[in-house]
Amino acid sequence: MASAGVPAALQPHLINHYTFDDPQGGDPGSATELDLGLDATPIQLLNGAPRVIDGAWGGSVYALETRQNNSGPNDDWKAGVFFDSSAESTLGGSNHVTGVTIAGWFKPLGDVGDNPSPNTNSGDPFDTFNAFGLAGLLRGDDGGVGVDGHGVRALLEVIGGKVVGLGRRLDDQSGSGRVSTVDDWHVVMPPGEWTHLTATFDFDQGEIFLYKNGLALAADQPQTDNWDLDPEETNHTSPTNPAGIKIGGSHPNNSQEQNPFNGRIDELTFFNRVVYPREVRGLYLGLSGQPGDYNGDGVVDAADFTVWRDTRDHSGDLRADGDNNGVVNELDYDLWLDNFGKSWPSPSSASQGQSTPEPSAGALLAVGVWGVTRKRRKP
């Protein structure tokens, strides 16, 4: 069955997809979330982590809420699945592959000071964790390395104030390769707002890239020397299944609390190859709602025309590349015009009774003038 919002070209590579709208038995109160990807591996919502009506896009109703509770040493809301060994794991999608991609919607809650959380493991009331986890695949046990619920094959996380892609090609490598954003995490994903993040891991070429809302993020040079790449061969991940998936923190075996994320998560997708830039843009567009809504406010109006006009003929700034062909042109204007006045508000907005604003007379006049001008330019 196809996963809604995921472009058709990526469907054969979608190994895990957690929408948080697909609980076991159809019960939103269930602690089990089904996997719509090829691995079909359910995850558990741990320590009472709830689904909340705050879907990140128009095709979503529920999102997962994660947080540090502080009522105990290991009671953080998080989600995931853990296997005691690679042999037991049903997560075969990243076994011996040349690339992995992780993507999802993330919404930090509170203000900047609410992430990362106090370090409940140190005993120091002034100590905080250096990181907070978003989503990742654990490493396997190739080479006799033990699995512990923390070491990863591929991970999207915030470390030292930056959004980071962290990857380990071989299970028994002591350290991970990484790339970090230039901007601080709260600039990349402002608290209180949904942001779509993507991390791609090219384990053959030694590259990691980060994206926000379908567009590449400024980042430092990838540090992947420890991946032990052979330039004469095709390089793969270890031929093992990862020991699990961790979401909103670490240790999905629930053995301890580490790096909890105070926020909400929606539409997590994992792919068994590198998703390339235009495909990343297509994934974001597919999971962001109303066609023609180029500023992402849920309404197709004159403000989106302004984005299109200001980026017309661009191949770099692709906010208004509605058909995902790599350039902003008149086809994207047609898509905007065809959808003018339409909206796809998130279910959370609809549940709060927010109405869709009607297009103003001035906006309609601007559309009409442009349309007439455009028609006159045609031969």
Side-chain angles (χ1 to χ4, degrees), residues 3 14-37 39-56 60-69 71-72 74-84 89-91 93-94 102-109 115-117 120 129 131-139 147-158 166 189 194 196-197 199 242-270:
S3 287
L14 180 63
I15 53 177
N16 310 104
H17 185 187
Y18 302 106
T19 68
F20 303 106
D21 289 316
D22 291 278
Q24 189 174 55
D27 176 11
S30 172
T32 302
E33 177 71 20
L34 302 181
D35 180 7
L36 303 186
D39 284 344
T41 301
I43 56 172
Q44 298 300 307
L45 280 55
L46 300 170
N47 300 321
R51 297 175 184 84
V52 294
I53 299 178
D54 187 20
S60 173
V61 176
Y62 290 98
L64 170 70
E65 183 163 323
T66 63
R67 75 180 190 198
Q68 182 183 65
N69 283 312
S71 59
N74 185 29
D75 63 351
D76 53 325
W77 287 354
K78 57 190 173 186
V81 61
F82 181 78
F83 299 92
D84 290 328
S89 172
T90 57
L91 297 167
S94 65
I102 300 172
W105 287 98
F106 303 95
K107 181 181 183 179
L109 295 179
N115 281 294
S117 297
T120 52
F129 289 109
F132 55 93
L134 301 177
L137 292 164
L138 298 178
R139 66 180 175 185
V147 293
D148 59 3
H150 186 64
V152 297
R153 177 167 293 172
L155 175 68
L156 190 54
E157 187 168 53
V158 171
L166 197 71
M189 49 174 185
W194 282 111
H196 191 264
L197 297 178
I245 290 175
K246 58 180 183 177
I247 299 167
S250 199
H251 297 284
N253 52 347
N254 221 16
S255 61
Q256 71 178 80
E257 181 174 298
Q258 190 164 355
N259 302 337
F261 170 50
N262 297 306
R264 292 174 180 170
I265 300 171
D266 202 6
E267 294 289 353
L268 283 179
T269 53
F270 298 77

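The structure displayed is predicted, hence computed values, not measured ones. Worth knowing before you read on, the calculation uses all heavy atoms, side chains too, and leaves out hydrogens, waters and symmetry mates.
Of all heavy-atom pairs spanning Gly151 and Asp148, the tightest one is N-OD1, 3.0 Å. For the residue pair Tyr18 and Leu34, the shortest heavy atom distance occurs at CD2-O, 3.5 Å. Considering every non-hydrogen atom in both Ser94 and Leu137, the closest pair reads OG-CD1, 4.0 Å. When all heavy atoms of Ala49 and Leu64 are compared, the closest pair comes out as CB-CD1, 4.0 Å. Nearest heavy-atom pair, Thr120 versus Glu257, reported as atom, atom and distance to 0.1 Å: OG1-OE2, 2.9 Å. Counting all heavy atoms, side chain and backbone alike, Ser30 lies closest to Pro23 at CB-CB, 4.1 Å.
Not one N or O on the side chain of Asp76 forms a donor-acceptor pair closer than 3.5 Å with the backbone of Thr66. Within the 3.5 Å criterion, the main-chain N or O of Trp194 finds no donor-acceptor partner in the side chain of Arg264.
Under the 4.5 Å side-chain criterion, counting only non-hydrogen atoms from C-beta, Phe83 is in contact with Leu91. Counting only heavy atoms from C-beta outward, the side chains of Leu138 and Pro252 approach each other to under 4.5 Å. Put simply, the side chain of Leu109 does not reach to within 4.5 Å of the side chain of Arg67, judged on heavy atoms. Counting heavy atoms from C-beta outward, Val152 and Leu166 have side chains that approach closer than 4.5 Å. Using a 4.5 Å cut-off on side-chain heavy atoms (C-beta onward), Gln256 and His150 make no contact.
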Ser117 and Asn262: CA distance, side-chain angles, deciding distance, side-chain hydrogen bond (donor to acceptor under 3.5 Å, both in side chains) verdict: CA-CA 8 Å; Ser117 297; Asn262 297 306; 2.9 Å; yes

Mind running side-chain contact (heavy atoms from CB on, under 4.5 Å) on Tyr62 and Val52 for me, showing each step along the way? CA-CA 5 Å; Tyr62 290 98; Val52 294; 5.8 Å; no

For Ile265 and Ile247: C-alpha separation, side-chain torsions, deciding distance, then whether side-chain contact (heavy atoms from CB on, under 4.5 Å) applies. CA-CA 9 Å; Ile265 300 171; Ile247 299 167; 3.6 Å; yes

Show your working on side-chain contact (heavy atoms from CB on, under 4.5 Å) between Lys246 and Leu155 and close with a plain yes or no. CA-CA 9 Å; Lys246 58 180 183 177; Leu155 175 68; 3.8 Å; yes

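Taking CG from Asp39 and CD1 from Ile245, the interatomic distance works out to 7.0 Å, rounded to the nearest 0.5 Å. To the nearest 0.5 Å, atom CE of residue Met189 and atom CG of residue Leu134 are 4.5 Å apart. Atom-to-atom distance recorded for Ile43:CD1 and Gln24:CD is 12.0 Å, nearest 0.5 angstrom. We find the CH2-CD distance between Trp77 and Gln68 to be 12.5 Å, quoted to the nearest 0.5 Å. Considering CG of Leu197 and CZ of Phe106, their distance stands at 6.0 Å, rounded to 0.5 Å. Taken to the nearest 0.5 Å, the CG atom of Asn259 stands 10.0 Å off from the NZ atom of Lys78.
When the options Val81, Leu45, Leu268 are evaluated for a side-chain contact (heavy atoms from CB on, under 4.5 Å) with Glu33, the one that passes is Leu45. The residue from Thr19, Asn16, Thr41 that alone fulfils the side chain to side chain donor-acceptor pair (under 3.5 Å) condition with Asp35 is Asn16.
Inspection of the Ser60 and Asp21 side chains reveals an N or O donor paired with an N or O acceptor under 3.5 Å. Side-chain atoms of Asn47 and Asp75 form no donor-acceptor pair, as typed in the model, at a separation below 3.5 Å.
Applying the ring pair (Phe, Tyr, Trp, His ring centres under 6.0 Å) test to Phe132 and every residue at least two apart in sequence or in another chain returns Trp185, Phe261.
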